[in-house]
Amino acid sequence: MSITQINGKTLLDLGYPKGPVFKMLLNIVNTNFHNRSLEDVSMLLKQLLIDPAAFTEDSYLSAPAKALLAPKKSDVIELQSPVPFSIFGESNIDVNAIRQMNNAVRLPVTVAGALMADAHPGYGLPIGGVLATDNAVIPYGVGVDIGCRMCLSVLDLPVSSLENKESYLKALQKDTVFGAGATLSKKADHAIIERKEFKELNLLKQLYDKAVGQLGTSGSGNHFVEWGIITVTDQEPEWGLAPGEYVALLSHSGSRGLGAQIAGHYTKLAKELCHLPEGFQHLAWLDLNTQEGQEYWTAMTLAGDYAAACHHVIHEKLIKTMGATLLRRVENHHNFAWKEVHNGQELIVHRKGATPAGKGVLGIIPGSMTAPGFVVRGTGVTAGLQSASHGAGRVLSRSAAKAKIKPEEMKQILADHGVTLIGGGLDEAPGAYKDINTVMKAQTELVEVLGEFKPKYVRMADGGPAED
DNA sequence: ATGTCC
């Protein structure tokens, strides 16, 4: 026997006006009409829309009928007075990022917020923004690249082997694939493609082939795969490595087309279901008690695991090519939402370009292709919502970097740091980023540094043409 | 970030 369930899209397709009647009908239909056929339910909903007056005494549908008959009242959600939030490294943050955060803490679902030291403006929530809400998830609070993350593998290769430049560069050429829409020529094998969610949600069904083809690729933008040296400095390393220098592999990428499509789909749905005032619409949320909210959570979780799988495929290939053994791995999402308990309340904590930094939690904060990245251990500070920055943060937009930075300057900085780059454009030049050391100083109370990673051989997507 | 599509 099949169970009939409808969602917001069903109502939109039937021609229902957006508003409070949506939530009423979803509850009524999905709890009381699930034994009826979808055809019967659709017919009934059509009649209700055409002649609501005929249903005002209906035992199930009187409330939505009356709502449809009521004079149209504005259904724009009212904002609350702002929840105070901490800003780390405020003097170094674009005012527009702070303005966006000021907006986010006025949502009626917001319980707490924090802005990280690498913050810059984004869609809705700024990059570097952390927002804790009550039972609501904001697709643009997670970001377009769901599950964008870092992965560091510390290997048993001798540091002196890095002198063998060609073998490391060749491995990067052979085992990594970059570019928008890029796929592997030989499909990667990983348990993620067996996940049942790909069969349970229509959207995920449609994205399955794309996900399989792009598994193990890196994408474009600020994503990279690089070899380098990690210097472990912590005297009592709880991560099982004695202080000293090691060869390490570091990657930065996300959930590729899969996550991007999920983000696009549910952001659109959120905007249709959650009506915010002008200027706030990118912050539209999905109630986790609705089918749409649950679907997003399921899809987001899958995209996060898929992003992790992509890193693991890349690392396994490179480790095998170099004949190395994995000593220790550290990895973390920095675009995601988590269910966490803060001050005794379960909250939805969105980190959009922020590293989880709960007490004792390890994470990676990359610098740039010539600046060090850091392995950190969170302190769990409440003011920072148990978070830290996800990198240095941009100081120049992509277009500004292309216009301002000269190719010779970029070459010189790479040479000065002994870094070899495959691909990479002026928009990713070190000069486009803030000074990572300034950013780290602004968050000393949020994270302790356990080790410092210096890039040596870096691969990124080919940069676009320079702009005039 | 994504083959730039609501």
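Because the structure is predicted, anything quoted here is derived from the model rather than measured. So that the names make sense, note that chain A is the first sequence line, chain B the second, and so on, each numbered from 1.
Residue-level contact check: A/Q214 touches the backbone only, with heavy atoms under 4.0 Å from sugar-phosphate atoms and none from bases. At the heavy-atom level, A/K210 lies under 4.0 Å from the strands shown only through sugar-phosphate atoms. Counting any heavy atom pair closer than 4.0 Å across all strands shown, A/S220 reaches sugar-phosphate atoms only and no base atom. Among the protein residues, A/G221 comes within range of the sugar-phosphate backbone only, with heavy atoms under 4.0 Å from sugar or phosphate atoms but none that close to a base.
With sequence neighbours excluded, the residues satisfying side chain to side chain contact (heavy atoms under 4.5 Å, CB included) with A/S153 are A/L155, A/L249, A/H315, A/I319, A/L326, A/R329. Every residue two or more places apart in sequence or in another chain that forms a side chain to side chain contact (heavy atoms under 4.5 Å, CB included) with A/D305 is listed here: A/I192, A/R195, A/T301.
Computed from coordinates, the A/D145 CG to B/dG3 P distance equals 10 Å when rounded to whole Å. At whole-Å resolution of the value, NE2 in A/H334 and P in B/dA1 are 9 Å apart. When rounded to the nearest whole Å, the span between CZ of A/R398 and C1' of B/dA1 equals 8 Å. One can place CD of A/Q261 at 10 Å from C1' of B/dG3, the figure rounded to the nearest angstrom. For the pair A/L269 CG and B/dC6 C1', the interatomic distance rounds to 13 Å; values are reported in whole Å. Atoms CD (A/Q206) and P (B/dC5) sit 18 Å apart, rounded to a whole Å. Between the P atom of B/dA1 and the NE2 atom of A/H390 lies a distance of 8 Å, rounded to the nearest Å. Atom NE2 of A/H223 and atom P of B/dG3 are 12 Å apart (whole Å).
With a 4.5 Å cut-off on side-chain heavy atoms, A/T110 and A/R106 do not count as touching.
One finds no side-chain N or O of A/N335 lying less than 4.0 angstrom from the OP1 or OP2 phosphate oxygen of B/dA1. OP1 or OP2 of B/dA1 has not a single side-chain nitrogen or oxygen of A/R256 nearer than 4.0 Å.
Take the nearest nucleotide of DNA chain B for A/G264 and for A/E428: the residue whose nucleotide is more 5' is A/E428.
Looking at A/Y457, A/F453, A/Y168 one by one, the single match for ring pair (Phe, Tyr, Trp, His ring centres under 6.0 Å) with A/W227 turns out to be A/Y168.
A tilted orientation is assigned to the rings of A/H333 and A/F336, their planes being inclined by 30° to 60°.
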